[in-house]
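For ligands, and for the atoms within them, numbers begin at 1 and follow the listed sequence. The basis for the numbers below is simple: all heavy atoms, side chains too, and nothing from hydrogens, waters or symmetry mates.
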Amino acid sequence: PSVIEYPQVKREEVEETFFGKVISDPYRCLENPDSEDAKKFVDDQNAISQPFLESSDTWNKINKKLTSLWNFEKYGVASKHGNKYFYSYNTGLQNQNVIYCLDSLSSESKLFLDPNSLSTDGTVALTNLKYSKDGSRVAYGLSSSGSDWVTIKFRNVETNEDFDDVLEYSKFFQPTWFQNQGVFYGTFPNFGTADGCETNANENQKVYYHKIGEKQENDVLIAEFPHEPKWRFSSEISDCGFYLIFYIMVGCNENLVYFADLRKTPEITGKLDFVKVVTEFKYDYEFITNNENIFYFRTNDKAPNYRIITIDFNDPNAEWKTLIEEHPKNVLDWACCVNKNKLVLHYMVDVRSALQVHCLETGKFDFEFKIDYGCIQGFSGDRDSSEIFFQFVSFLVPGIVYHFDFENLNCEPKIFKETKIPNFDRDAYKVEQIFYPNSEDGEKIPMFIVRKNRKEIQPTPTLLYGYGGFGISLQPTFSVTFLAFIDAFDGNLVYANLRGGSEFGMNWHDNGRLLNKQNVFNDFQSAAKYLIENNYTKKEMLAIQGGSNGGLLVGACINQRPDLFGAAVAQVGVFDMLRFHKFTIGSAWISDYGSPDEKQHFFNLLKYSPLHNVHIPENYQQEYPSTMILTADHDDRVSPLHSLKFVATLQSAVKQSKFQRNPILLRVYKKSGHGFGKPVTKKIEEATDILTFLYKVLKIKSEL
Ligand SMILES: O=C(NCC(=O)N1CCC[C@H]1C(=O)O)OCc1ccccc1
């Protein structure tokens, strides 16, 4: 392709010195989304990327194919509240899923809550539904244009009518019901503009109690920690309803545990007295259930693969007991108490899911659900109910929701809803799991390869996808876009289970974060080398893709090994590793990245920060692959400033080199955010952009 004329961008001589090192930041002006420079930059970039993508007939063909592939009925996992059942459903192309309810498993479904009625373009999304204990009321969160900001509303389940109550400025805190009369919720008071375009840090979160019928300004402040502006909170009510379990986080995994005995405050009139149970940020603890003062927690405290302990809330400092030891290899991913005395445990076993039932009293194994090779993506159950639902997905199974009742132990789980794709032939595909060596340290890294079912292996276009951080594991899931890639391009879809995830517990996460972060990039580069060496693909057919922390992965890899890939796609990426902690919730990521304000971490971050390691290609080996960076104007999880500054730096570097022919594009979507709640229309548009980009730059020949 002819070399692109990249737009002029204002450069300023911004220089700062950290620990004796001078750092220049010439595109600092792009950090303010309201500045003329930033707005012009975005328009100029879209003026290049949109024609590049949309002008070809390819875009229309791919869009048509994706739209028809997408158009199948989808069900979310069901759940029981009170004596009704609720589940989400989508006819196929509805922008937002719709909530239906059933009076019994065999009755007619009734429309309960349809977020599509709340906006004309589907940009208002339902963030969560929290039902009161008896299921008579539900608190639900709405977010607009993909922002993390949530407006909380309340609905009477029986009459299906909303209460007048509206709670604004909430974020990162699911409402917690107190009996049926009100909720505890987290908020960032007097924050100023809060539409998701702002970049200022989310600090000084406070927790209030809202009683149904009251006005938000009369809500009762129940907790604040003014000396700890970075602390964030979440809470749960114990199964007996007497205790408020109060979590405190500052990073993204370790947490503190406090509790308040609500029997002392039948009316919530002021700050709660908290008893401190865990007072150091060293491990993470998750409440499961309690028998009066005996509390069950899942934790990685001295158990990197997680175990279940009991803590006596009457004497929290007494020796904690172990109910279920950590497994030497399998990771206890979550636990749920059901049917009064059972624990349902979800394990990851070499990245696939296992679902076991244990006895709450003794911890002893009871039985295991027989499930296919894949992932338990959804689950619902309650201590007071004998019924559970779980949703199974895999690369080739879009979703099956099972119902099981502990009252009839001898019968198998029954299919409640099955998502089916018209004329989809599972046998046309092949899924394999391969453990490949990291070429630096020899660590064995698993990866899934999904491709057309054929005898011989021949080099075909390959999409290598990774994340590598925050304990996020890439289990088998169903993706229309990835299947379209395999179908339309006769391609290989590869998930690399890089270190930094939780596939093998906390050790796997620890070996991919902080000073070990480079392992993640090496794992990803080793996957590329493995695929090329084993004839799955060739460099010019190989694309890497990642989002958010996975965008950082892509950014670091094209700087470090531009010669290894034919294309790179980074969505809503983190690229400025010296300033990430200054914007929105970025300081929470210090638990994986380290703080730029600490010398050791500063120099570690500087070594791989995409923004600070851009080179001017001095030969074809150093030519960047064709690269597309995507972001969105309402992304307040990872502010678009990261992408704007990175692309400005990349383009200014490559325009000085005669070795750079591959394009470097930026696409900025409007009324869009980090990804959660994105309407189907926008999901399909973005997927079309990505597949069109790959079709063009990988010079794919196959007919569309
Ligand atoms: O920041 C994160 N999570 C990490 C995150 O979103 N990251 C981490 C790096 C960039 C981005 C991503 O990868 O999506 O979550 C904020 C949050 C949500 C709910 C409760 C408390 C705090």
Legend entry - ligand 1-proximal atoms of Asp592, by part, heavy-atom distance under 4.0 Å: neither
Quick check, are the ring centers of [X] and [Y] under 6.0 angstrom apart?
X: Tyr243; Y: Phe295; answer: yes
X: Phe482; Y: Phe395; answer: no
X: Phe246; Y: Phe233; answer: yes

Nearest protein heavy atom to [atom], by residue and atom, and its distance?
atom: atom 15 (O) of ligand 1; result: Arg637 NH1, 3.3 Å
atom: atom 17 (C) of ligand 1; result: Phe172 CD2, 3.6 Å
atom: atom 12 (C) of ligand 1; result: Ser548 OG, 2.3 Å
atom: atom 21 (C) of ligand 1; result: Arg232 NE, 3.4 Å

Inset, instruction - From the options Phe173, Tyr467, Phe470, select the one whose nearest heavy atom is closest to atom 13 (O) of ligand 1. - result: Tyr467
Legend entry - Of the listed options Tyr593, Trp589, Phe676, Phe233, closest to atom 1 (O) of ligand 1 (non-hydrogen atoms): Trp589
Inset, instruction - Identify the residue among Arg28, Lys582, Lys645 that makes a salt bridge (Lys or Arg N to Asp or Glu O under 4.0 Å) with Asp576. - result: Lys645
Inset, instruction - Verify the distance criterion only: is there a donor paired with an acceptor across the side chains of His674 and Ser548 at less than 3.5 Å? - result: yes
Inset, instruction - State whether a side-chain donor-acceptor pair under 3.5 Å links Thr199 with Ser639. - result: no
Inset, instruction - Please confirm whether Phe580 comes under 4.0 Å of ligand 1, counting heavy atoms of the residue only. - result: no
Legend entry - Residue-ligand contact His674/ligand 1, heavy atom below 4.0 Å: yes
Legend entry - Per-atom contacts of ligand 1 with Val574, taking only distances under 4.0 Å to non-hydrogen atoms: 10 (C)
Inset, instruction - Provide the number and element of each atom of ligand 1 under 4.0 Å from a heavy atom of Ile585. - result: 1 (O), 16 (C)
Legend entry - Given Phe225, Tyr185, Phe173, the one that forms side-chain contact (heavy atoms from CB on, under 4.5 Å) with Val207: Phe173
Contacts table for residues 495-502: side-chain donor-acceptor under 3.5 angstrom, sequence neighbours left out:
from   : atom 1 : to     : atom 2 : distance (Å)
Tyr495 : OH     : Thr477 : OG1    : 3.0
Asn497 : ND2    : Leu474 : O      : 2.9
Asn497 : ND2    : Glu503 : OE2    : 2.9
Arg499 : NE     : Asp523 : OD1    : 3.4
Arg499 : NE     : Asp523 : OD2    : 3.0
Arg499 : NH1    : Asp441 : OD2    : 2.8
Arg499 : NH2    : Asp441 : OD1    : 3.3
Arg499 : NH2    : Asp441 : OD2    : 3.0
Arg499 : NH2    : Asp523 : OD1    : 2.7
Ser502 : OG     : Gly471 : O      : 2.9

